[in-house]
Q: 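Take this structure first; my questions come after.
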There are 2 protein chains.
Amino acid sequence: MNITIRDVAKKLNLSITTVSRALDGYSDVAEETRQRVIETARQMGYAPNQAARQLRRKRADSIGYILPADRPRFSDPFFAEFVAGLGDEAAAHGLDLLVSSAPPNSQAEQRAYERWIQSRKVDGMVLNRLHLQDWRVQYLSEVGFPFVTLERSQDACDYPSVEVDGRRWFKVLVDHLAELGHRRVAYIGAGAELKIQADRLAGYQDSLQSHDLPYDAVLVTEGDLTSDGGFYAAKRLLALPQPPTAIACVDDMTALGVLHAAREHGRVVGKDLLVAGFDGMAGFEHTQPPLTTINQPVYQMARKLVQMLAAQIAGQVLVERHVQIEPVLEIRQSTVGK
Amino acid sequence: MNITIRDVAKKLNLSITTVSRALDGYSDVAEETRQRVIETARQMGYAPNQAARQLRRKRADSIGYILPADRPRFSDPFFAEFVAGLGDEAAAHGLDLLVSSAPPNSQAEQRAYERWIQSRKVDGMVLNRLHLQDWRVQYLSEVGFPFVTLERSQDACDYPSVEVDGRRWFKVLVDHLAELGHRRVAYIGAGAELKIQADRLAGYQDSLQSHDLPYDAVLVTEGDLTSDGGFYAAKRLLALPQPPTAIACVDDMTALGVLHAAREHGRVVGKDLLVAGFDGMAGFEHTQPPLTTINQPVYQMARKLVQMLAAQIAGQVLVERHVQIEPVLEIRQSTVGK
DNA sequence: TTGTAGGCGTTATCAA
DNA sequence: TTGATAACGCCTACAA
């Protein structure tokens, strides 16, 4: 059997009360006693049983995150970095991170949220890949459960979030293409229900407008945030009677597929065809050619989210509820090839 | 306050015992009663408090995994897929997945393991990126805590694992290069303490030997499992007086950097210089040129691991303790460019 | 087939 | 400054 607070108390000839308080750093225990307790506890390898503590304190000391994995081969580097950030910041607050995975908008997703929340497995949730109307936001708001989000949905409720202004920065990206003299700029996006899609598409349109370029629906197509999706979307675009001379992609993975399609169509990326991505994943400075992108500090964003969530759970009033993160335009050879 | 089993019992004029047993599917409760209980519980949105249940049952119904994140920008797609697999299979067994992140062999890593185990936050652990001598394996074996591993360390204890025979399959990869007539084949590896490095390097050497190629220490270099590492390692190799004509990389990320370095050195990959990776990450079929690699079913491997761990936790005897996974050699243009 | 009651290991209240 | 004791919500032997 495992070692409990009782064992420690017995060994020291103290009550469990005193041991508990000594370990939790209460002030009403003699300093000398505290030292003895701490020392003995360490020696005996005592660690409080979390279940018991949680039951008593009515806190799980955990936060939850559900990966929006919509396919088995879910190998988007964004999420490795994101989860690492969540984990690190959670640990810094003495919180554990519970991770599950479910296809967005699935039954499984819904059950996962309900289970964690109703059974008090977690004290708060982190969301990302928000939908324009997001049932999770509505549900969590309704039941008054703490959560934070990366990106913001269009639901009419207020909640803490961290955000990159996708509309503004996608415009910056497309401006960059337009300013290089390109007039047929295509866009490869994602599912219309996604907030990032709405934002980035709007940014694309903003840029067209500010450069007096016509909006041509033929040049706007949908991928699925994978390189495969980008690959096939780009093949369709490049097979057009009047193909684009530049392609702005909703994310880096999509852009990777585009680079491949371009090569298959004999285009020299950076010269015949410009390609740009969005996210700034580590590694994509080594694509062929290196990818121009909007570089977001994903790890930092994840940490910030947990920081805000931890504060919210602790009942603190958040000074900044809507944090804006400024990414940077990373210009590489896929748009300025030599 | 939240809804407990007592509330449900009161509403039904039953004892909490009956409610508990009805919900847990015991046979000694009238079918009609059970239905009423289930229905009412559902209506009231009752879910057992996990902390209480865990305390009572002495099980956490959770398993743990610690990401070997050795840098903030930890965006290795391998781990997104791996974690998704762990999460999915865990859910299928009614287990939750606890994730943290710590640099391998760090104090933080050690504390994370000890904390989870001593405080009974988890019932079992999943390990990967094993070291040749792995303190985690030794520690967990010693305290008799359930765990499973991807890859096997050289520690003298027996434990369940899932494994791809890295030595054999790296030989297959290098054989492929050698059989294309290349005699100066370089190897870019990882830290010498890693099991995958030992295996894959051995496979490289096996292949050299079987093709009567000399082992040239100059052609064997160390990366760090990132594309940056691969990039710089390749630059060093290509700057040699007698540079290699083919490079086998310990993983796909490394290979991505190599493709970039090759281009900078004016090499045409697939003709002047062959490049091969290992892992078969989704997306890498779209590199420039598409990357030859050993394709491992990472998602399936993760699921298998959890399956074995769940069985172990449930006290079942594992029929197969050492599962071998067969990957496939994926030949693409980085070695057979046209 | 259903109910009573004890206890899992903590923390927190109150008294000493 | 310390100790006895009552919950926290659930499961389960045992009794009815």
Side-chain angles (χ1 to χ4, degrees), chain A residues 1-38 40-41 44-62 94 96 115-123, chain B residues 1-38 40-41 44-62 94 96 115-123:
Chain A
M1 189 61 289
N2 240 308
I3 182 163
T4 80
I5 198 171
R6 236 178 213 90
D7 303 324
V8 180
K10 195 160 294 172
K11 183 144 200 167
L12 286 160
N13 272 324
L14 283 172
S15 71
I16 59 171
T17 308
T18 305
V19 174
S20 173
R21 314 193 58 142
L23 256 25
D24 270 8
Y26 279 65
S27 58
D28 59 357
V29 43
E31 196 46 40
E32 192 232 318
T33 314
R34 181 197 310 289
Q35 288 312 327
R36 277 172 54 221
V37 171
I38 291 177
T40 317
M44 301 177 70
Y46 167 73
N49 179 309
Q50 288 297 316
R53 163 176 275 186
Q54 283 166 31
L55 178 57
R56 183 59 233 227
R57 299 215 281 200
K58 294 175 172 302
R59 279 190 327 200
D61 285 325
S62 302
D96 280 313
R115 219 179 63 78
W116 276 355
I117 289 165
Q118 293 184 355
S119 66
R120 266 124 297 157
K121 257 282 195 179
V122 299
D123 303 317
Chain B
M1 193 59 284
N2 242 309
I3 184 163
T4 80
I5 198 172
R6 238 179 214 90
D7 302 324
V8 181
K10 196 160 294 173
K11 183 145 201 165
L12 286 161
N13 272 326
L14 283 172
S15 72
I16 58 172
T17 308
T18 307
V19 175
S20 172
R21 312 191 61 139
L23 258 24
D24 272 7
Y26 278 67
S27 58
D28 59 358
V29 45
E31 194 47 37
E32 192 231 318
T33 313
R34 183 198 309 289
Q35 288 312 327
R36 278 173 53 223
V37 171
I38 291 179
T40 318
M44 301 177 71
Y46 167 73
N49 179 309
Q50 287 297 316
R53 163 175 275 185
Q54 284 167 31
L55 177 58
R56 181 60 232 239
R57 299 216 267 195
K58 293 174 173 301
R59 279 192 329 208
D61 285 326
S62 303
D96 279 313
R115 219 179 65 76
W116 275 356
I117 289 165
Q118 292 184 356
S119 66
R120 266 124 297 156
K121 256 281 195 182
V122 300
D123 302 317

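Every chain is numbered from 1 and lettered A, B, ... according to where its sequence line falls, protein lines coming before strand lines.
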Q: Grab the two heavy atoms, one from B/D123 and one from B/A60, that are nearest each other, plus how far apart they are.
A: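 Heavy atoms of B/D123 and B/A60 come nearest at OD1-N, 2.8 Å.
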Q: If you look at every heavy atom in A/A52 and B/L55, which pair is closest and at what distance?
A: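 Distance-wise, the nearest heavy atoms are CB-CD1, 3.7 Å.
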Q: What is the distance, to the nearest angstrom, from the CG atom on B/N49 to the C1' atom on C/dT10?
A: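 My rounded result for the distance is 13 Å.
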Q: Distance check needed: D/dC10 P versus B/I5 CD1, whole Å only.
A: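 Distance, rounded to whole Å: 6 Å.
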Q: Return the minimal non-hydrogen interatomic distance between B/Q54 and A/A51, and the atom names on each side.
A: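 Smallest interatomic distance, heavy atoms only, reads CB-CB, 3.8 Å.
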Q: Please find the pair of heavy atoms, one from A/S119 and one from B/A47, that lie closest to each other, and give the distance.
A: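 Between these two residues, the closest heavy atoms are N-CB, 4.1 Å.
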Q: Which residues, if any, of residues 25-35 of chain B bring a heavy atom under 4.0 Å of DNA chain C?
A: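 Under 4.0 Å from DNA chain C: B/D28, B/V29, B/A30, B/T33.
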Q: Nearest-Å distance, CZ (A/R57) to P (C/dA12)?
A: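 After rounding, the gap between these two atoms is 7 Å.
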Q: For atom CD of B/E31, decide whether the heavy atoms of other residues, nucleotides or ligands shown that lie under 6.0 angstrom number more than 12.
A: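 Count over threshold, so yes.
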Q: Indicate whether the side chain of A/T18 and that of A/S15 have a donor and an acceptor atom separated by less than 3.5 Å.
A: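 There is such a pair between these side chains.
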Q: Please find the pair of heavy atoms, one from B/L12 and one from B/R36, that lie closest to each other, and give the distance.
A: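 Minimum heavy-atom separation between B/L12 and B/R36: O-NH2, 3.4 Å.
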Q: In whole Å, I'd like the distance from the CG atom of A/D61 to the C1' atom of C/dT11.
A: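 That distance rounds to 13 Å.
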Q: Counting side-chain heavy atoms from CB outward, which of C/dG9, D/dC11, D/dC8 is closest to A/K58?
A: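 It is D/dC8.
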Q: What's touching nucleotides 3-5 of chain C from the protein side, N or O pairs under 3.5 Å?
A:
{"residue": "C/dG3", "atom": "OP2", "partner": "B/S15", "partner atom": "N", "Å": "2.9"}
{"residue": "C/dG3", "atom": "OP2", "partner": "B/S15", "partner atom": "OG", "Å": "3.0"}
{"residue": "C/dG3", "atom": "OP2", "partner": "B/T18", "partner atom": "OG1", "Å": "2.8"}
{"residue": "C/dT4", "atom": "O4", "partner": "B/T17", "partner atom": "OG1", "Å": "2.7"}

Q: How many Å lie between CZ on A/R53 and P on D/dG9, as a whole number?
A: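 So the two atoms are 18 Å apart, to the nearest Å.
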Q: Quick one: CD on A/Q50 to CZ on A/R53, what's the gap to the nearest 0.5 Å?
A: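 The CD atom of A/Q50 sits 5.5 Å away from the CZ atom of A/R53.
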Q: For the atom pair CG (A/D28) and CZ (A/R34), what is the distance rounded to the nearest 0.5 Å?
A: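 Reported value, rounded in 0.5 Å steps: 8.5 Å.
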Q: Can you name the one residue among B/N2, B/D7, B/L23 that meets side chain to side chain contact (heavy atoms under 4.5 Å, CB included) with B/Y46?
A: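 When B/N2, B/D7, B/L23 are each tested with B/Y46, the side chain to side chain contact (heavy atoms under 4.5 Å, CB included) holds only for B/L23.
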Q: Compute the angle between the rotation axes at the two ends of the helix from C/dT1-D/dA16 to C/dA16-D/dT1, each taken over five pairs, rounded to 10 degrees.
A: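 Here the helix ends are tilted 40° relative to one another.
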Q: Figure out the CD1/P separation between A/I3 and C/dC8, and round it to whole Å.
A: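 Taking CD1 of A/I3 and P of C/dC8, I get 16 Å after rounding.
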Q: In whole angstroms, how far is the C1' atom of C/dT2 from the CG atom of B/L23?
A: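 Those two atoms, CG and C1', are 16 Å apart.
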Q: Ignoring backbone atoms, establish whether B/R6 has a side-chain N or O less than 4.0 Å from OP1 or OP2 of D/dC10.
A: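 Checking B/R6 against D/dC10: no side-chain N or O falls below 4.0 Å of OP1 or OP2.
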Q: Do the side chains of B/K121 and A/D61 get close enough for a salt bridge, i.e. N-O under 4.0 angstrom?
A: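 Looking at A/D61 together with B/K121, the answer is no, because their closest N to O distance does not fall below 4.0 Å.
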Q: Can you check the B/L55 CG to C/dC8 C1' distance for me, whole Å?
A: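 Nearest whole value for this atom pair: 4 Å.
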Q: Any N or O donor-acceptor pair linking the side chain of A/R56 to the base of C/dA12 at under 3.5 Å?
A: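 No pair found.
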Q: According to a strict under-4.0 Å criterion, is A/S20 in side-chain N/O contact with OP1 or OP2 of C/dT10?
A: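 It does not, given that no N or O in the side chain of A/S20 lies less than 4.0 Å from OP1 or OP2 of C/dT10.
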Q: So how far is it from A/R21 CZ to A/L14 CG, rounded to the nearest 0.5 Å?
A: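 Answer rounded to 0.5 Å: 13.0 Å.
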